[in-house]
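Before any comments, here is the structure.
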There are 2 protein chains.
Amino acid sequence: MLDVARVAQVSIATVSAFVNGSANVSPAATQRIEGAIRTVGYQRNAVARSLKLGRTHTVGLTVPHITNPFFTEVVSVITQAFDRAGYAVMLFCTDEHLSNQDEQIRLLLERMVDGLIVARVGEDERFRSIVGATKAPFVLIDRLCEGVDADAVVLDNRTAVAEAVGYLTGLGHRRIAYVAGGTGISTMQERAAGYRAALEEAGLAFDPALVRLGDFHEMDGYAAAMQLMTLPDRPTAVFSANNPMVVGVMKALRDLGLNCPKDVSVACFDDFPFADVFHPQMTTVRQPVQAIGEQATALLLERIAGTAASEPRRLTLRGRLMIRGSCAPPSGWAAQSA
Amino acid sequence: MLDVARVAQVSIATVSAFVNGSANVSPAATQRIEGAIRTVGYQRNAVARSLKLGRTHTVGLTVPHITNPFFTEVVSVITQAFDRAGYAVMLFCTDEHLSNQDEQIRLLLERMVDGLIVARVGEDERFRSIVGATKAPFVLIDRLCEGVDADAVVLDNRTAVAEAVGYLTGLGHRRIAYVAGGTGISTMQERAAGYRAALEEAGLAFDPALVRLGDFHEMDGYAAAMQLMTLPDRPTAVFSANNPMVVGVMKALRDLGLNCPKDVSVACFDDFPFADVFHPQMTTVRQPVQAIGEQATALLLERIAGTAASEPRRLTLRGRLMIRGSCAPPSGWAAQSA
DNA sequence: GAAGCTAGTTGAAACGTTTCGGCGATGTCA
DNA sequence: TGACATCGCCGAAACGTTTCAACTAGCTTC
């Protein structure tokens, strides 16, 4: 900018005025400045600008795993929405590790992001203090955090799971296994509650032996299904409360030579692009990823602009049960009902 | 930092020395500064730091579509690798649009990223001039750019496709369709060359009627397969040179009531997590995503550190054919060969 | 013809760091 | 005791912007 000013024979202030359109500059000066910018190859330095302005036009985004198809899509929607708004987004994957998350958020805050969208991980204490210590606005997605007064957009997990499990009981299943990830997360607690609610609704007893908790990974799903399917009185249906684990479940069925849906019905949380292409076509609970991403972006942009009401807003969206071919009445049931 | 200095009753310079460990500070001062940092809640401002230092410890990453499973995994690997190195990454999706890409790279450069990793899109002219005009290092992944002397890590696409199509000819297929994305991209040209080479190798004539070029989207794959499969002399196998399109292909087969692999064999580029879970289990060309991401990161970090030799380096990795259940000899062939 | 406006321009301060030269005080060596 | 390092600390300049008050011409208006 100094160089441009020299070449164009104007002051730095005038160049700035021209670049930002913040004040009138004469046609003559305009022309010289435009020329100078071209010859010098000037490009404005956003970090100096940010320092002066106190805004970086950059936001942070952290998710547990970008390879989880739910997060893949949410990240996709969010990055594109911010892109349209002229913001850059810094992406981090916590890999479900608390220490990663703390460090990443520290890094983001140090870089003076204008705001953050966080799909939280792990326990609350540390996160609460981080959020409390900064004035940068946070928006929580997917997972809430008790005691944190941040905007949030989440799913009505309880209802969604209850509907899916209710669908299974409606088909006649009475032994429905439940496979899920860690318990420390609001999402998982709500989903478990939905499972129990659906059982109760159908007059079925909750059997702890049919519940398997893992750590969100495919191999945990595999191990869980292996155990469940070799039980003396094995379940006739499995609901997986997250997507990576269902891959393991399906592989276990394959390795055990069990057919889905003939021998076991399977349904899971989170839709994915291949769900209706291959066999069995997977029955899933589809989250409104587009809406989640766009709402989260909108909430954060409003906070950044300062136009939002001060009390935290919480959006709860509804999931949708995508009924496909992976669930069927348990064998023997049709006869029984006839 | 000014506040910290005041509370600790030392100069700003001393606080800086303490924070960065760049000079000795007495135990007494250390203690006061530590206390002051806590009471003030000080966090260093990375943008001021970047301005002074001329380095942001931030890199840019642009890919066409993060939902394409190949890019999902590469992005995952790259973000984690940079995270470990203490860098933040700004992610952009070009959505295969040239204008997006230009604008995003401009934004990134303006933000003074220390370097960029780019999975390029579209034609070369504009991109060449952008790369030429900046001194920030670029690393190209997946797609090359003629005339740009940047480091790159790519796949040996020609060999990979030749191997896959060779596998199909080996099974006895003589009419093998080829479905792919746009032609302006090095990757696609190489893959097409691999297809032709494999045909030639098997003594088969190239038939333009069996080639369908679309725009990387599922619906293009669908349309392509619909046309191909209603041809009077329809192909017995389809190779899709990219992943999103194969979803469309499979849906078309489903809608036409064609069984894979009994009626048609299908193979495609890029492996995906569900490939060996459902039926048919997909035969794919698997790219070494882990290696691609890590190598690209390493190349860029070396450039940033200035330790790299000055001439551009090009890494070409090999793909791996994952043979699964989606390909079989064409019907009638077994008899003929017996 | 004086007063007042307006459009265009400018110098300088500020944003929060890092860094360098310098300056006392203390210790060491001859 | 004097010369000389060494240590801990500090003041101030610099990084590249934005912004504000101030200034100059040139016009308009009475």
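The sequence lines fix the lettering, A, B, ..., with proteins before strands; numbering per chain opens at 1.
Counting any heavy atom pair closer than 4.0 Å across all strands shown, B:V47 reaches no nucleic acid atom. B:Y42 comes within 4.0 angstrom of sugar-phosphate atoms only, judged by non-hydrogen atoms across all strands, and of no base. Note on A:L53: only backbone sugar-phosphate atoms sit closer than 4.0 angstrom, heavy atoms only; bases stay farther off. The residue A:S16 sits close to a base: some heavy atom pair falls under 4.0 Å. Within 4.0 Å of A:T14, counting heavy atoms only, lies at least one base atom of the nucleic acid.
The side chain of A:S11 lies closest to C:dT10, out of C:dT17, D:dT18, C:dT10. Distances were taken from every side-chain heavy atom of B:A48 (C-beta onward) to each of D:dC20, C:dG16, C:dG8; the shortest belongs to C:dG16. Distance from the side chain of A:A13 is smallest to D:dC20 among D:dC20, C:dA14, C:dG16. Checking D:dT17, C:dT10, D:dC9 against the side-chain heavy atoms of B:V25 singles out D:dC9 as nearest.
Whole-Å rounding puts the B:R55 CZ to D:dC15 C1' distance at 14 Å. Atom pair A:R49:CZ and D:dT18:P shows a separation of 5 Å (rounding to whole Å applied). Straight-line distance from the CD atom of A:Q31 to the P atom of C:dT9: 13 Å, rounded to whole Å. Here the C1' atom of nucleotide C:dT17 and the CE atom of B:M1 are 7 Å apart, to the nearest Å. Rounded to an integer number of Å, the gap from A:I12 CD1 to D:dT19 P is 15 Å. Remark: P of D:dT17 and CZ of B:R111 are 15 Å apart, rounded to the nearest angstrom. Rounded to whole Å, atom C1' of D:dG8 lies 11 Å from atom CZ of B:R32. Here C:dC5 presents its P atom at 19 Å from CG of A:N24, a figure rounded to the nearest Å.
For B:R143 (side chain) and B:R120 (main-chain N/O), a donor-acceptor pair under 3.5 Å exists by modelled atom type.
End-to-end axis angle for the helix from C:dG1-D:dC30 to C:dA30-D:dT1, using five pairs per end and rounding to 10°, comes out at 50°.
Nucleotides of DNA chain C nearest to B:S22 and B:N45 differ in position, and the one nearer the 5' end is that of B:N45. The residue among B:A29 and A:Q43 whose nearest nucleotide of DNA chain D lies closer to the 5′ end is B:A29.
In terms of heavy-atom proximity, A:L98 sits nearest to A:V121 at CD1-O, 3.3 Å. Shown here for B:V7 and B:A36, the closest heavy-atom pair between the two residues is CG1-CB, 3.7 Å.
Between B:S26 and D:dC9, a side-chain N or O to OP1/OP2 separation shorter than 4.0 Å is present.
Going from atom CG of A:N68 over to atom OG1 of B:T72 covers 11.0 Å, rounded to the nearest 0.5 Å.
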Under 3.5 Å, sequence neighbours excluded: what are the donor-acceptor pairs made by side chains of residues 77-90 of chain A?
residue, atom, partner, partner atom, Å
A:T79, OG1, A:V75, O, 3.0
A:T79, OG1, A:S76, O, 3.0
A:Q80, NE2, A:S76, OG, 3.4
A:D83, OD2, B:Q104, NE2, 2.7

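Atom CD of B:E34 has more than 12 heavy atoms from other residues, nucleotides or ligands within 6.0 Å.
By the salt bridge (charged side-chain N to carboxylate O under 4.0 Å, His left out) test, B:E110 is found to be paired with A:R44, B:R106, residues two or more places apart in sequence or in another chain being considered.
Side chains of A:R111 and B:T58: a donor on one and an acceptor on the other come within 3.5 Å.
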